[in-house]
Amino acid sequence: MLKIYNTLSGQKEVFKPIVEGKIGMYVCGNTVYDFCHIGHARAMISFDVISRVLRNLGYDLTYVRNITDVDDKIIKRAAENNELPSDLTERMIAAQQEDEKALGNLSPDREPKATEFMQEIIDMIQSLVDKGYAYQGDNGDVYYRASKFADYGKLNNRKLEEMLAGARIEVTESKEHPADFVLWKPVKAGEVHWDSPWGKGRPGWHIECSAMSTNCLGDHFDIHGGGPDLKFPHHENEIAQSEAATGKEYVNYWMHCGAVRVNNEKMSKSLGNFFTIREVLKLYNPEVLRYLMVSSHYRSPIDYSDQSLNDAKVALERLYNALRGQALSTAPESSDYRVRFEKALRDDFNTPVALSVLFDLVRDLNKAKTESPELAESLAAELSALASVLGLLYQDADYFLKNSLVSSEGMNSDDIEALIEERTLARKNKDFARSDEIRDLLADNGIELLDSREGTSWTRK
RNA sequence: GGCCGGAUGGCAGAGUGGUCAUGCAGCGGACUGCAACUCCGUUUACGCCGGUUCGAUUCCGACUCCGGCCUCCA
């Protein structure tokens, strides 16, 4: 039994797919006008893990995540850069793919782009116009008529009347109601545009997701996910558009990950307090960032700091230490560890508890190394197999331990190996003074040594 | 103002009506030439006030504080 917290109901629910054994999942992707920051990383990693877990549980999953490649911010940024919007979006899509590959995310099954679904977007708007859910204002904008959709606000527990009190909704003369939102906006001079029954122009932000998700997964599908800041208005508007256009229920389970915070404040573009993924990957091995994301529950807020990254690095080192130099056999079909691990993940993807099972396993593995090599090989295989469900421990242990911190400075491997060789000789000759001198020298350079019967290995701290 | 979600040991972070989370750090021991890695043992906890209960960190209510959304944002 799988339980999923559904934003729509505000509680954990037993998951039931529409079609037995199959799942359609749509996740809102990024607007590609800038490099991804840590908040994007969290959303991308969270849903990557969720998709892996669903497949591990045996579901036939179709995972769709869109790319927003037409938007005000893209047009603005491209103009600032003096380049074509399409050149900007291509660059940023390539950058995002690089980042994700580094972080160990698997590609979604489909990554539809808004510009490739223009006809479907126009068709959906037409359908809304035909049914009286949309109208063209005298400024040329086509608006969604929020007041006609009885369930408007059901995802966020809001009522139209109450929202007016907030008074932060953009007031436009051309709108019938302040909560109405744009489906299609007329082209401004020199901007990219498409032909439509309402004149040349381009789509509003929300409609593309309704059009792409229903075209890729059907009018009614299982899971829709995204970052916490999309809950309102974006997802609320998606529901309104889709259900009005198709006349069917849109999505069964809505999932939202938690925010990444910096100094107890949400990391966001508008606050400017964000770090890009590539900045962080200049300092830390990408798996450290992934571990940080997986080490708390996907819905909890995460505080991002040097210390939180460092804690993640140290914890990951413990896992990799257990695998270093350890042969793997075959993982058992089922074990107490696997049962506990999967039980945790079936409970709304509780990755912190799943990780705690891994650490219990590591303790037994480390003990088995001296007591039963065969058991150790099997436990190591089990550790590796379970970790892969979270997308962790995919690197060579020795490589990771030498590169958990990515520093461009510092000693290179050859110099380190040479010093270790000299130290080994000194130790053979019982010249412990020289031996310790070398170890201290390496330690000052962030290199920690580990002597064993097989020889000396090292870790970059 | 409205709507959500939090408050757990030195830090991070799960969870539960009555027995262990887990990682880091600390302390004692084993291993080691000394270390490191590892192992064994161990200290520190559930915001505040009431209620339900044989018993509440866990359920209910009030309070305080914090965060998010209500505007583009993963």
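Source: prediction; values computed, not measured. What you see below is based on every heavy atom in this structure, not just the backbone, and it leaves out hydrogens, waters and symmetry mates. First the proteins, then the strands, lettered A, B, ... as listed; each starts at 1.
- Gly153(A) comes within contact range of no nucleotide atom at all, as no heavy-atom separation falls under 4.0 Å.
- Within the 4.0 angstrom heavy-atom criterion, no nucleotide atom of any strand lies near Met44(A).
- With hydrogens and angles ignored, a donor-acceptor pair closer than 3.5 Å exists between the side chain of Arg439(A) and the base of C34(B).
- Whole-Å rounding puts the Glu265(A) CD to A74(B) P distance at 17 Å.
- Side-chain atoms of Arg318(A) stay outside donor-acceptor range of the base of C37(B), with no qualifying N/O pair under 3.5 Å.
- Nucleotides U53(B) and C60(B) have their C1' atoms positioned 12 Å apart, rounded to a whole Å.
- Residue-level contact check: Arg65(A) touches neither bases nor backbone, having no heavy atom under 4.0 Å from any strand.
- In terms of phosphate contacts, Asn366(A) brings a side-chain nitrogen or oxygen within less than 4.0 Å of OP1 or OP2 of C39(B).
- Counting any heavy atom pair closer than 4.0 Å across all strands shown, Asp436(A) reaches a base atom.
- Between the side chain of Asp415(A) and the main chain of Met411(A), no donor-acceptor pair closer than 3.5 Å is present.
- Separating the P atom of U38(B) from that of A25(B) is a span of 9 Å, rounded to the nearest Å.
- With hydrogens and angles ignored, the 3.5 Å screen pairs a side-chain donor or acceptor of Glu243(A) with a backbone N or O of Tyr250(A).
- Contact annotation for His234(A): no contact, since no heavy-atom pair falls under 4.0 Å across all strands.
- At a threshold of 4.0 angstrom between heavy atoms, the contacts of Phe432(A) include nucleobase atoms, whether or not backbone atoms are also involved.
- A distance-only check finds no donor-acceptor pair linking the side chain of Asn445(A) to the backbone of Ile447(A) [under 3.5 Å].
- Put simply, CG on Leu358(A) is 19 Å from P on G13(B), counting in whole angstrom units.
- In this structure, Asp71(A) reaches neither bases nor backbone, as no heavy-atom distance under 4.0 Å exists between it and the strands shown.
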Check your understanding: When Watson-Crick pairs (N1 to N3 and N6-O4 or O6-N4) and G-U wobble pairs (N1-O2 and O6-N3) count only below 3.5 Å on both distances, what is the dot-bracket string of RNA chain B, with | for other-strand pairs?
Key -> (((((((..(((.....[...))).(((((.......)))))....(.(((..]....))).))))))))....
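- For the P atoms, the distance from G18(B) to A12(B) is 26 Å, rounded to whole Å.
- At a cut-off of 3.5 angstrom, the base of G68(B) holds no donor-acceptor pair with the side chain of Arg261(A).
- Take the nearest nucleotide of RNA chain B for Lys73(A) and for Glu448(A): the residue whose nucleotide is more 5' is Glu448(A).
- Taking the ring centre of Tyr33(A) as origin, the terminal cationic atom of Lys269(A) falls inside the region bounded by 6.0 Å and 45° from the ring axis.
- Comparing the same atom, C1', in A45(B) and in G13(B) gives a spacing of 13 Å after rounding to whole Å.
- Residue Asn157(A) is classed as a sugar-phosphate contact, given heavy-atom separations below 4.0 Å to backbone atoms only.
- Every residue two or more places apart in sequence or in another chain that forms a side-chain contact (heavy atoms from CB on, under 4.5 Å) with Ala376(A) is listed here: Gln326(A), Leu365(A), Ala368(A), Lys369(A).
- Between the side chain of Ser300(A) and the base of G13(B), no donor-acceptor pair under 3.5 Å is found.
- Across all strands shown, Ser308(A) has no heavy atoms under 4.0 Å from either base or sugar-phosphate atoms.
- Using C1' as the reference atom, G10(B) and U42(B) are 16 Å apart when rounded to the nearest Å.
- If you take CG on Leu386(A) and OG on Ser335(A), they are separated by 6.5 Å, rounding to the nearest 0.5 Å.
- Among the atoms of the strands shown, only primed sugar atoms or phosphate atoms (P, OP1, OP2) are found under 4.0 Å from some heavy atom of Lys367(A).
- A12(B) atom P lies 17 Å from atom CZ of Phe359(A), rounded to whole Å.
- Annotation: G41(B) and A7(B) have their C1' atoms spaced 32 Å apart (nearest Å).
- For an aromatic pair to be called close, the ring centres must be under 6.0 Å apart, and Phe275(A) with Tyr304(A) satisfies this.
- Aromatic ring centres of His206(A) and His235(A) lie farther apart than the 6.0 Å criterion allows.
- Residue Asn350(A) is in sugar-phosphate contact alone, with no base atom involved, counting any heavy-atom pair closer than 4.0 Å across all strands shown.
- Using a 4.0 Å heavy-atom criterion, one finds that Leu230(A) contacts the sugar-phosphate atoms exclusively.
- Atom NZ in Lys154(A) sits about 19 Å away from atom C1' in C69(B), given to the nearest Å.
- Taking both residues in full, the closest heavy atoms of Thr68(A) and Ile74(A) are given as O-CD1, 3.5 Å, listed atom of the first, atom of the second, then distance.
- Across G29(B) and U43(B), the matching C1' atoms stand 15 Å from one another, rounded to whole Å.
- Mapped onto RNA chain B by nearest heavy atom, Tyr33(A) and Val357(A) fall at different nucleotides, with Val357(A) at the one closer to the 5' end.
- Contacts of Val260(A) with the nucleic acid, taken as non-hydrogen atoms under 4.0 Å apart, include base atoms.
- Nucleic acid contact for Gly226(A): sugar-phosphate only, since backbone atoms but no base atoms lie under 4.0 Å from a heavy atom of the residue.
- At whole-Å resolution of the value, NZ in Lys231(A) and C1' in G67(B) are 12 Å apart.
- The cationic atom of Arg427(A) (NZ for Lys, CZ for Arg) does not lie both less than 6.0 Å from the six-membered ring centre of Phe432(A) and within 45° of the ring axis.
- Spacing of C1' atoms, G68(B) relative to C27(B), comes out at 40 Å, to the nearest Å.
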